[in-house]
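A short write-up of the structure that comes next.
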Amino acid sequence: MSVSERPIVTRIAPSPTGSMHIGTARTALFNWLYAKHTGGRFLLRIEDTDRERSTESAVQVILDGLAWLGLEADAPAVFQYAQAERHREVVDELLLRGRAYRCWMTVEELAAEREIARAAGRAIRSPWRDQAAPSGVNLPHVVRFKGPIEGETLVNDLVKGPVLFQNRDLDDLVLLRSDGAPTYNLAVVVDDHDMGITHVIRGDDHLNNAARQTLIYQAMDWELPAFGHLPLIHGPDGAKLSKRHGAQAVGEFADMGYLPEAMRNYLARLGWGHGDDELFSDEQAIAWFDVKDVVKAPARLDWAKIAHVNNHYIRLADDGRLADLVIDAMAREGDVIAEGVRDRLIAVIPFVKEGAKTVLELRDLCRFAVAERPIVLNDKSVSLLAPETRERLLRLATRLADETIWTPPSLTVALRAFAESEGVGMGKFGPALRAVLSGGLPAPDLAGALSALGRDESLGRMDDALSRVE
RNA sequence: GGUCCCUUCGUCUAUCGGUUAGGACACCAGAUUUUCAAUCUGGGAAGACGGGUUCGACUCCCGUAGGGACUACCA
């Protein structure tokens, strides 16, 4: 079966570096969406051929990141390092076919050649390309691919369109290092072929590699996968996304209180669009997504927009789930989570979630409700309690104690009725009521705050602040 | 330096030869008001530049400028 007839298989192939870049996350998302869209499979391969950098915990970071994003692979991860034998086999085959050669250039010779080549504006060449082995068989050497020096290579990119390369510009890349370890460009080709990948969808930074990799496929007489190179994600200032732009690892987004479904939606809109649709479900994204529609230009991360999208999903999220996330955030800061906090959170979250752009903000908006009696009033709150106002709040407390229904609408009515009976506007006691209820912390509108706190807690807080003799 | 990619409001995008160039976020103004928000109404805001092709270009071609990637015995 040819690639176009086989069921589609995509993959994400991150290298374990200790964190998972947000760009990797988006690449994973696009591969996942495309696989789902076509009813194909989405695979994961850990590119751990660099033994120096790869650690078990770095691998775990990737697994955790993907799991958090909800982009789990359809099969267990393939570890590239474990395929090293297979990679060497392919190199032997290439050697046999005369499509690779051993190169004994020293580091110094290579550096000199690099300089000459750069000055001449051409790719570096090895003198061993067409030379017999030197005497003394055990000299250290690498194995290079023997690329054609004439002709051209076409990469028919799914997002960029046809991209033509002159073979003379492509250097003879190293396949096997002098210690016998396979290199990236060889390993990807072999692994993608062995894993049956039909669509290689990855970052823009690999577009140039695609030409060289194409040559390897051809040398092995393997069928070429389709390539799709996604433009990179840049920081808000247009420069390559880096630490100074704030978060760049998916774990950081999680800690900052972004919801995974919000990240999927936002990331999908970064470099891809479907008409005027902005907020959509996974099902819709899967139904609509196609690599062909990916935008060619790099996109910038926009914190304000992520916040907006996140707020949308916070509004939609289940209150119990949000309460747990808030508790996690509090615990991370070392707060002791008292008995009953989860219940209080669930009571207050419906009243504050609309204003929260992140779980961290939601946590701050919940603080007033979680505070233990007697709550401490900040200076500004204290200054709101003039004697006359205290008298009025006392009368209000009595009035509220008689309320049989404790819901926002009924409380609103009660508050208005009280203002009327006092012959004043809400401004005469509203701020003060808020002060004794929240101590000065942000809180929802009064009826909401009273309702969220509940009758006993509300009346108790009023009593705490008003019965105090001064 | 060489090779390759990219270029519509501040940002993400729609448009796929004929539109008052649309939407979203952000921004500004107003309304509301019991803090902060939220909400409602209204508003400003774009085809990098220069040449072509065409009856007609944001849309096609060439060039310039700017941005980016690659140019490793990293991935």
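Computed over heavy atoms, backbone and side chain alike; hydrogens, waters and symmetry mates excluded.
- Residue-level contact check: A/F165 touches the backbone only, with heavy atoms under 4.0 Å from sugar-phosphate atoms and none from bases.
- A donor and an acceptor atom sit less than 3.5 Å apart, one in the side chain of A/K305 and one in the base of B/A24.
- The stretch residues 142-157 of chain A comes close to RNA chain B through A/V142, A/R144, each having a heavy atom under 4.0 Å from the strand.
- Here the nucleotide nearest the side chain of A/L207, chosen from B/U35, B/C4, B/U13, is B/C4.
- B/C73 and B/C16 are spaced 47 Å apart, taking the P atom of each and rounding to whole Å.
- Within 4.0 Å (heavy atoms only), A/N209 reaches at least one base atom of the nucleic acid.
- For A/R118 and B/G2, a side-chain-to-base donor-acceptor distance below 3.5 Å is absent, hydrogens and geometry of angles not being considered.
- Atom C1' of B/U32 sits at a distance of 27 Å from the matching atom of B/A45, rounded to the whole Å.
- If you measure from atom CZ of A/R315 to atom P of B/A37, you get 14 Å, rounded to the nearest angstrom.
- Note on A/T49: only backbone sugar-phosphate atoms sit closer than 4.0 angstrom, heavy atoms only; bases stay farther off.
- Looking at heavy-atom distances under 4.0 Å, A/E278 makes contact with a base.
- In terms of the side chain to side chain contact (heavy atoms under 4.5 Å, CB included) criterion, residue partners of A/N185 (sequence neighbours excluded) are, by chain and number, A/L173, A/N209, A/Q213.
- Nucleic acid contact class of A/R122 (heavy atoms, under 4.0 Å, all strands): none.
- Contacts of A/V295 with the nucleic acid, taken as non-hydrogen atoms under 4.0 Å apart, involve only primed sugar atoms and P, OP1 or OP2.
- In this structure, A/R416 and A/V413 have side chains that are not in contact, with every pair of non-hydrogen atoms separated by 4.5 Å or more.
- Taking CD from A/Q218 and OG1 from A/T214, the interatomic distance works out to 6.5 Å, rounded to the nearest 0.5 Å.
- Here B/A69 presents its P atom at 12 Å from CG of A/N208, a figure rounded to the nearest Å.
- Nucleic acid contact class of A/G203 (heavy atoms, under 4.0 Å, all strands): none.
- Closest to the side chain of A/L232, out of B/C73, B/G68, B/A75, is B/G68.
- Under a 3.5 Å cut-off, the side chain of A/S15 and the backbone N or O of A/T17 do not form any donor-acceptor pair.
- The side chain of A/R434 lies closest to B/U35 when the candidates are B/U35, B/G22, B/C25.
- Among the protein residues, A/R45 comes within range of no part of the nucleic acid, since none of its heavy atoms lies under 4.0 Å from any strand.
- Taking atom C1' in both B/U8 and B/U19, one finds a spacing of 14 Å when rounded to whole Å.
- The A/H234 side chain lies nearest to B/G68 when the options are B/C73, B/G68, B/U34.
- Taking atom C1' on both B/G50 and B/A37, the two are 50 Å apart, rounded to the nearest angstrom.
- Here the separation of B/C58 from B/A46, taken at their P atoms, is 15 Å to the nearest Å.
- Below 30°, between 30° and 60°, or above 60°: for A/F30 and A/F289 the angle between ring planes is between 30° and 60°, a tilted geometry.
- With B/U11, B/A24, B/C73 as the candidates, the nucleotide lying closest to the side chain of A/H308 is B/A24.
- Of the candidates B/A72, B/A75, B/U11, B/A75 carries the atom nearest the A/Q80 side chain, counting heavy atoms from C-beta on.
- In this structure, B/C25 and B/G10 make a Watson-Crick or G-U wobble pair, each of the two defining distances being under 3.5 angstrom.
- Separation of the A/H199 and A/Y34 ring centroids falls under the 6.0 Å cut-off.
- The nucleotide whose nearest atom lies closest to any side-chain atom of A/P298 is, among B/C6, B/U3, B/U35, B/C6.
- Contact check of residues 443-452 of chain A against RNA chain B (heavy atom, cut-off under 4.0 Å) returns A/A443, A/P444, A/D445, A/L446.
- The nearest whole Å value for the distance from the CZ atom in A/F280 to the C1' atom in B/C12 is 11 Å.
- Checked against B/U3, B/A26, B/C5, the side chain of A/V163 finds its nearest nucleotide in B/C5.
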